[in-house]
Novice: 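Below: one structure in C-alpha cells.
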Amino acid sequence: MFNKVLIPVDVAVKKETETLLDAAKILTAGWTSEIHVATVVPMVSMPIVGSYFDKDFETESSAAAANELALAVSGANIDAKKHVLAGTVYDAVIHLASKLDVDLIVIGAHQPELRHYLLGSNASRVVRHSKSSVLVLR
C-alpha cells in the first residue's frame with residue numbers, strides 16, 4: 001500500500017522507540033515497503049549555546065545516536081535504512097520525508113499536556129506541515 005515509510009524515533013527514550021518500531025513492523029508486515037528509521041539530535045552550533053559544549057559534542061552525539069539507532073532497528077528485527085539527522089525534530093523529519101519522497105510517516109506521540117495544545121508537539125507539527133500521510137501512534 002505504501003512504497004516508502006519513514007519512522008522517526010527518539011533513541012533516548014528506548015521503551016517508546018521499541019514500542020513504535022514494533023508497531024510499525026506489524027503495520028508494514030504485509031507491504032513491500034522501503035522502510036526508513038530516523039532519529040534527530042539537537043544542533044548546538046549557535047555561538048551562545050555552543051560555547052558550553054566541547055567542540056566535538058555534535059560529532060560524538062551523532063555517533064552515539066547512530067549506534068543507538070542501529071541497536072534499536074536490529075532489536076526490532078526490521079530491514080530499514082537508518083538516518084541520523086540534526087536540528088529540530090519536526091523540521092528534520094519533514095525535510096527527510098520530502099527528500100525521500102515517502103508515502104507515509106509513522107510517528108509516536110507523547111500523552112498531550114496543556115503546553116502541547118498551546119505550542120504544538122513535534123508530532124502535531126509533522127501532521128500539520130507534512131505533504132506525506134502521517135499515522136500517529138499512541
Side-chain angles (χ1 to χ4, degrees):
M1 182 170 189
F2 294 99
N3 294 319
K4 289 184 184 177
V5 178
L6 174 60
I7 308 163
V9 298
D10 182 353
V11 294
V13 186
K14 292 182 187 214
K15 183 64 178 164
E16 286 182 19
T17 297
E18 290 172 8
T19 301
L20 185 58
L21 290 177
D22 288 343
K25 181 180 177 182
I26 293 167
L27 177 69
T28 60
W31 307 336
T32 55
S33 302
E34 181 178 302
I35 299 173
H36 297 265
V37 181
T39 192
V40 182
V41 295
M43 290 175 39
V44 294
S45 56
M46 292 176 40
I48 195 165
V49 176
S51 64
Y52 291 98
F53 294 93
D54 293 335
K55 65 179 181 172
D56 296 330
F57 175 78
E58 284 184 0
T59 303
E60 292 170 1
S61 176
S62 292
N67 185 50
E68 290 297 320
L69 184 61
L71 290 172
V73 169
S74 175
N77 197 24
I78 293 178
D79 181 22
K81 296 180 180 172
K82 297 171 279 305
H83 306 270
V84 177
L85 312 170
T88 57
V89 173
Y90 54 89
D91 281 336
V93 169
I94 290 170
H95 178 75
L96 181 62
S98 178
K99 179 180 169 185
L100 296 173
D101 193 26
V102 300
D103 305 302
L104 177 66
I105 300 170
V106 179
I107 193 167
H110 300 291
Q111 292 300 322
E113 299 173 11
L114 181 58
R115 65 185 175 92
H116 291 137
Y117 289 111
L118 298 174
L119 299 175
S121 66
N122 288 315
S124 68
R125 287 181 179 177
V126 169
V127 169
R128 282 195 311 266
H129 300 289
S130 175
K131 293 179 181 167
S132 304
S133 295
V134 180
L135 174 62
V136 180
L137 299 177
R138 289 201 182 273

Novice: Is it true that a side-chain atom of S132 and a backbone atom of V102 form a donor plus acceptor pair closer than 3.5 Å?
Specialist: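 Yes; at least one donor-acceptor contact below 3.5 Å.
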Novice: Is a side-chain N or O of T39 found less than 3.5 angstrom from the main chain of V84, in a donor-acceptor match?
Specialist: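 The answer is no, because no donor-acceptor pair under 3.5 Å joins these two groups.
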Novice: Tell me, which pairs form a ring-ring contact (aromatic ring centres under 6.0 Å, His included) where one or both residues lie in residues 72-96, sequence neighbours left out?
Specialist: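 Listed by first then second residue: H36-H83.
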Novice: Walk me through whether D79 and I35 qualify under side-chain contact (heavy atoms from CB on, under 4.5 Å).
Specialist: CA-CA 7 Å; D79 181 22; I35 299 173; over 6 Å; no
Novice: State, with a plain yes or no, whether a side-chain heavy atom of F2 is found less than 4.5 Å away from one of L135.
Specialist: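 F2 vs L135: side chains apart.
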Novice: For residues L96 and L6, determine if any side-chain heavy atom of one lies less than 4.5 Å from a side-chain heavy atom of the other.
Specialist: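 Side-chain contact under 4.5 Å: yes.
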Novice: For residues G108 and A123, report the shortest heavy-atom separation together with the two atoms involved.
Specialist: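 Closest approach of G108 to A123: O-CB, 3.8 Å.
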Novice: Would W31 and L104 count as a side-chain contact (heavy atoms from CB on, under 4.5 Å) here? Give the steps.
Specialist: CA-CA 12 Å; W31 307 336; L104 177 66; 4.1 Å; yes
Novice: Say whether V89 and V11 are linked into one hydrophobic cluster, either directly or through other cluster members, by side-chain heavy-atom distances under 4.5 angstrom.
Specialist: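 The answer is no; the residues belong to distinct hydrophobic clusters.
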Novice: Got a sec, which pairs hit side chain to side chain donor-acceptor pair (under 3.5 Å) with one end in residues 65-77, sequence neighbours left out?
Specialist: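 The answer is K14-E68.
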Novice: Is there a side-chain contact between P8 and V40 in this structure, where contact means two heavy atoms from C-beta onward sitting under 4.5 Å apart?
Specialist: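 Answer no - side chains too far apart.
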Novice: For the atom pair OG1 (T17) and CG (D22), what is the distance rounded to the nearest 0.5 Å?
Specialist: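 T17 atom OG1 to D22 atom CG measures 10.5 Å (nearest 0.5 Å).
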Novice: Within the 4.5 Å heavy-atom criterion, are T28 and V106 side-chain neighbours or not?
Specialist: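 Result no, sub-4.5 Å side-chain heavy-atom pair not found.
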Novice: Check whether any side-chain N or O of K25 sits under 3.5 Å from a backbone N or O of A76 as a donor-acceptor pair, and report yes or no.
Specialist: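 At least one qualifying donor-acceptor pair exists.
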Novice: Do V73 and L85 share a hydrophobic cluster, counting only Ile, Leu, Val, Met, Phe, Trp and Tyr and linking them when any side-chain heavy atoms are less than 4.5 Å apart?
Specialist: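 They do not share one cluster, since no chain of ILVMFWY contacts under 4.5 Å joins V73 to L85.
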Novice: How many angstroms lie between atom CG of D103 and atom CD1 of I105, to the nearest 0.5 angstrom?
Specialist: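 That separation rounds to 10.5 Å.
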Novice: Can any side-chain N or O of S62 pair as donor or acceptor with the backbone N or O of E58 at less than 3.5 Å?
Specialist: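 Yes, S62 side chain to E58 backbone: donor-acceptor pair under 3.5 Å.
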Novice: Consider only side-chain heavy atoms of I, L, V, M, F, W and Y, link residues closer than 4.5 Å, and tell whether L21 and I107 are in one cluster.
Specialist: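 Different clusters: L21 never reaches I107 through Ile, Leu, Val, Met, Phe, Trp or Tyr contacts under 4.5 Å.
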Novice: Side chain of K4, backbone of L100: donor and acceptor closer than 3.5 Å?
Specialist: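 Side chain of K4 to backbone of L100: a pair is present.
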Novice: With the 4.5 Å side-chain cut-off for hydrophobic clustering, are V37 and L137 part of the same group?
Specialist: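 Yes, V37 and L137 fall within the same hydrophobic cluster.
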Novice: How far does CD1 of I78 sit from CD1 of I7, to the nearest 0.5 angstrom?
Specialist: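 Output value for this atom pair is 5.0 Å.
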